[in-house]
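Read the structure below first, then the notes.
Reminder, nothing fancy here: chain letters follow the sequence lines and each chain counts from 1. It should be emphasised that the depicted structure is a prediction, and the values quoted were computed from it without experimental measurement.
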Amino acid sequence: MSEIKGLMLLFSLLLFVVVIDLVRRKHLREKYSLIWLLVPIVLVVLSIWPGLLEQFSRMFGVYYPPSLGFIAGLMFLLIITLMLSVVVSHHSTRIIALIQEQASLENRIRKLESDKTSNQKPIKSEK
Amino acid sequence: MKNKKLLIIIPAYNEEGAIEKVTDSIKKHLPMADILVVNDCSTDRTGEIVAAIPGVNLINLPINLGIGGAMQTGYKYAYENGYDYAMQTDGDGQHDPAEAAKLIKEIEKEKADMVIGSRFLEKTNYEQSFLRRLGIIIFEFLIKILIHQKVTDATSGFRIANKKIIKKFAEYYPSDYPEPEVLVYLDNAGLKFKEIPAEMVHREHGKSSITSFKSAYYMIKVIYSLLISKIRGI
């Protein structure tokens, strides 16, 4: 086994363990972890069958197989960061709505409390 | 203004020096209106000062949302409390409440769903730099192409809206630099707006939210938002 192959397998194993552990400790949600588990699986498959990458390269007309690996990795990272930007945008929309709702509730509570303390008059119904 | 509920929305971020003057002036000129100050997580005493003003409603945002998020908070409040009209003004005294009466009169004619106070429809006292004027001309041109309506002061934050628009804004309101984008959003929804001339004074305290460093970004962001809003449809 070549050294690089051993290194790849070790790295894959490490990544796999780290991702699983993050999910276990609830630092990473299952939903977002699956795509990261895909990475070590693909790396392991490619290190066990090095012919696979060469076959794919020939299929796409790439002369230097590792460059196919680079471009695939780069595309994967681009897609994953785009997905994360979508998630972040979605979250900021939801956080804004939550903040507004919280502030509006705080306003209502303050009004109710001041109505109650000031001369015990009945709470004004809001229409 | 008989039997109609009007809410004045004042988004305020660090306006401790001006806010009380603004609310006092509104109370004096528009006694029939309810006033809501949306304190956008000010770091100064804006919240405390407003809380002590009798007859003024205060919403404290726990996190700074920027003008769009703060304004929408006001519109959501107006929607939930069944207001017929909501007027937005600046918290820094730039908009003269005496001028607000004109806006109210115009919206009551029910010919438009939103009325905008424009600094440039007639010659007013408002002064501005050449660059600012250039930006405004570009917006005017782009909006004219996108919605086939001439808008002389797309960035004016001096506006009054009816129930239909209050509902629309409670659903969605653009986040940063919202004023021009809102126009395309409303046009998409088939709602009408019109401009009337309004005098505005120079800000007494604080600074405009748009500094010279940010103005290039501002232009690009607004143009981009206008175009996106157009292709978004509704």
Side-chain heavy-atom pair A/Ile99, B/Pro62 within 4.5 angstrom cut-off:
yes
Has B/Tyr224 got more than 12 heavy atoms of other residues, nucleotides or ligands less than 6.0 Å from its OH?
no
Taking A/Arg110 for its side chain and B/Leu58 for its backbone only, find out whether a donor-acceptor pair lies under 3.5 Å.
yes
Tell me if the NZ atom of B/Lys164 is crowded by more than 12 foreign heavy atoms within 6.0 Å.
no
Heavy-atom side-chain proximity of A/Ser104 to B/Lys76 below 4.5 angstrom:
no
Check whether more than 12 heavy atoms from other residues, nucleotides or ligands sit under 6.0 Å from atom NZ of B/Lys221, and answer yes or no.
yes
For atom CE of A/Met75, is the number of surrounding heavy atoms from other residues, nucleotides or ligands below 6.0 Å larger than 12?
no
Nearest 0.5 angstrom please: B/Leu61 CG to A/Gln100 CD, how far?
7.0 Å
Is atom NZ of B/Lys102 surrounded by more than 12 heavy atoms (other residues, nucleotides or ligands) closer than 6.0 Å?
yes
Please report the interatomic distance CG(B/Asn57) to CZ(A/Arg108), rounded to the nearest 0.5 Å.
12.0 Å
At a heavy-atom separation under 4.5 Å, does B/Leu65 approach chain A through its side chain, its backbone, both, or neither?
side chain
